[in-house]
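Before any comments, here is the structure.
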2 protein chains.
Amino acid sequence: MEIVHLLRKVTVEFGLRQAEFAARHGMHSTDVRALICLLDAERAGTDATAGWLGAQLGLNSAGTTSVIDRLERLGHLERTRDPRDRRRVLLSVTPRAVELGRSFFGPLIDDTVAVLREFDESETAAVRRFLSAAHQAVTIVP
Amino acid sequence: MEIVHLLRKVTVEFGLRQAEFAARHGMHSTDVRALICLLDAERAGTDATAGWLGAQLGLNSAGTTSVIDRLERLGHLERTRDPRDRRRVLLSVTPRAVELGRSFFGPLIDDTVAVLREFDESETAAVRRFLSAAHQAVTIVP
DNA sequence: CGATATTATCTCGCTGAGCGAGATAATATC
DNA sequence: GATATTATCTCGCTCAGCGAGATAATATCG
């Protein structure tokens, strides 16, 4: 119960940092979330189209175009028409955006990973099990 | 590292549920966050004023008034002038809002607590230590 | 005690994120 | 080749949140 509140605090603070980071770089929370989605897609090897991004963010097509326009204007993003299906627009993050993402997540990740390094097998397993359960509880139709 | 991604997924999904809940009840994410703050204050026995709420949400006074107006209009909130300092406006959540909060957080909390019940001492301790560390990492100057 | 400063909240007008509706262009189907 | 479908973009609008300043209550100081 107290642990649940702790988890909630973490999510709240994380949201605040994200908003703060967005403001500091002339973006909005949505833009940051978009970048995260794109970086995830990049890492997973999926190709990210405008429609896909909109679905991830829960925006309609007009709103999606706005996000992409803003990120493109800031130089975090490039549009490329897909040569295989020329209706589609492929989105690729620029090195600048990658760097920005690292500057944001890097320290947070490092600090957190550092703690985990001092955990033994059964302890990390417990953390993993807990977070999986929480994820399950919070995710709709798993 | 994989655990960090898991934690991030939890925060993302949690945000989505929150937005979904807001939409379902004719509110915005900010309104839900406001309700959470007010319920927290209630539980902690702090009295919540308009200014305090605005600070919690990172809104200016105009925006804060809007949030309060919306929540009042929906019957989730009541304004009372503080009799001790009649410049201040005290905010109190209605039973309806409490019920709404419970209907949202209740199941999530229950599911998560249920998992924890099957953890032994050292495992819950590990989870607590991890979340504290994550909270520390994500919180600015604690 | 009255004049002035400070604090808490609200009002007004504006900017811009995101929406609905529909336009445009490329591809798939018959 | 005509038509349907899919992916994205454009236009006009609504409303959350901002800056500036009004209002009202309290605190301070001569």
Side-chain angles (χ1 to χ4, degrees), chain A residues 15-16 18-38 41 46-74 76-92, chain B residues 15-16 18-38 41 46-74 76-92:
Chain A
L16 290 178
Q18 196 169 305
E20 194 180 300
F21 170 81
R24 191 186 308 263
H25 292 88
M27 309 197 283
H28 299 262
S29 285
T30 302
D31 303 327
V32 178
R33 286 175 48 215
L35 279 182
I36 294 174
C37 286
L38 293 172
T46 329
D47 43 44
T49 65
W52 174 86
L53 180 63
Q56 297 297 307
L57 298 173
L59 296 181
N60 80 358
S61 64
T64 305
T65 300
S66 301
V67 177
I68 297 173
D69 283 349
R70 288 197 304 265
L71 288 175
E72 194 178 40
R73 207 177 311 133
L74 287 169
H76 297 320
L77 196 64
E78 271 166 13
R79 279 173 159 110
T80 335
R81 290 231 91 107
D82 186 341
R84 297 173 174 279
D85 180 345
R86 293 172 36 70
R87 290 168 304 179
R88 307 207 308 166
V89 167
L90 296 177
L91 305 173
S92 54
Chain B
L16 291 177
Q18 195 168 305
E20 194 180 301
F21 171 81
R24 192 186 307 263
H25 292 87
M27 309 196 284
H28 300 263
S29 284
T30 302
D31 303 328
V32 177
R33 285 176 49 217
L35 280 182
I36 294 174
C37 286
L38 293 173
T46 330
D47 45 43
T49 65
W52 174 85
L53 181 62
Q56 296 298 307
L57 299 173
L59 297 182
N60 79 357
S61 64
T64 306
T65 300
S66 302
V67 176
I68 297 174
D69 283 350
R70 287 196 306 265
L71 288 175
E72 194 179 39
R73 207 177 311 132
L74 288 170
H76 296 321
L77 195 65
E78 269 166 14
R79 279 173 160 110
T80 334
R81 289 231 92 106
D82 186 341
R84 295 172 174 281
D85 181 343
R86 293 171 37 70
R87 289 168 303 179
R88 307 208 306 165
V89 167
L90 296 177
L91 305 173
S92 54

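Note on naming: letters A, B, ... go to the chains in the order of the sequence lines (proteins, then strands), and numbering restarts at 1 for each one. Since this is a predicted model, take the numbers as computed values, not measurements.
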Polar pair under 3.5 Å, donor/acceptor by atom type, side chain B:Arg87, base C:dT7: yes

Go through the N and O atoms of the side chain of A:Asn60 and the base of C:dG18, and report whether any donor-acceptor pair is under 3.5 Å. no

For [N], does either OP1 or OP2 sit under 4.0 Å from a side-chain N or O belonging to [X]?
| X | N | answer |
| --- | --- | --- |
| A:Thr30 | C:dG18 | yes |
| A:Arg84 | D:dA7 | no |
| B:Arg79 | C:dC10 | yes |

Atom [atom1] of [X] and atom [atom2] of [N]: how far apart are they, to the nearest Å?
| X | N | atom1 | atom2 | result |
| --- | --- | --- | --- | --- |
| A:Asp69 | D:dC11 | CG | C1' | 14 Å |
| A:Arg70 | C:dG18 | CZ | C1' | 9 Å |
| A:Glu72 | D:dT8 | CD | C1' | 13 Å |
| B:Leu91 | C:dA8 | CG | C1' | 12 Å |
| B:Asp82 | D:dA24 | CG | P | 19 Å |
| A:Leu71 | C:dG16 | CG | P | 17 Å |
| B:Asp85 | D:dA27 | CG | C1' | 10 Å |
| B:Leu90 | C:dA8 | CG | P | 12 Å |

Check every strand shown and say whether A:Thr49 touches a base, only sugar-phosphate, or nothing at a heavy-atom separation below 4.0 Å. sugar-phosphate

Taking every non-hydrogen atom, the tightest pair across [X] and [Y]:
| X | Y | answer |
| --- | --- | --- |
| A:Trp52 | A:Ala41 | CH2-CB, 3.6 Å |
| B:His25 | B:Leu74 | O-CD1, 4.3 Å |
| A:Leu59 | A:Thr64 | CB-OG1, 3.7 Å |
| A:Val67 | A:Ala34 | CG1-CB, 3.8 Å |

Now, which nucleotide makes the Watson-Crick or G-U wobble pair with [N], with each of the two distances under 3.5 Å?
| N | result |
| --- | --- |
| C:dC30 | D:dG1 |
| C:dT24 | D:dA7 |
| D:dC18 | C:dG13 |

By nearest atom, which of the nucleotides C:dT11, D:dG17, D:dT8 is closest to the A:Ser61 side chain? D:dT8

For the side chain of B:Arg86, starting at C-beta, report the closest nucleotide among D:dG17, C:dT9, D:dA25. D:dA25

5'-most contact on DNA chain C (nearest-nucleotide basis), B:Ala62 vs A:Asp31, goes to B:Ala62

Please compare A:Pro83 and B:Trp52 by the position of their nearest nucleotide in DNA chain C and report the one closer to 5'. B:Trp52

Hey, what do you get for CD (B:Glu78) to NE2 (B:His76), rounding to the nearest 0.5 Å? 12.5 Å

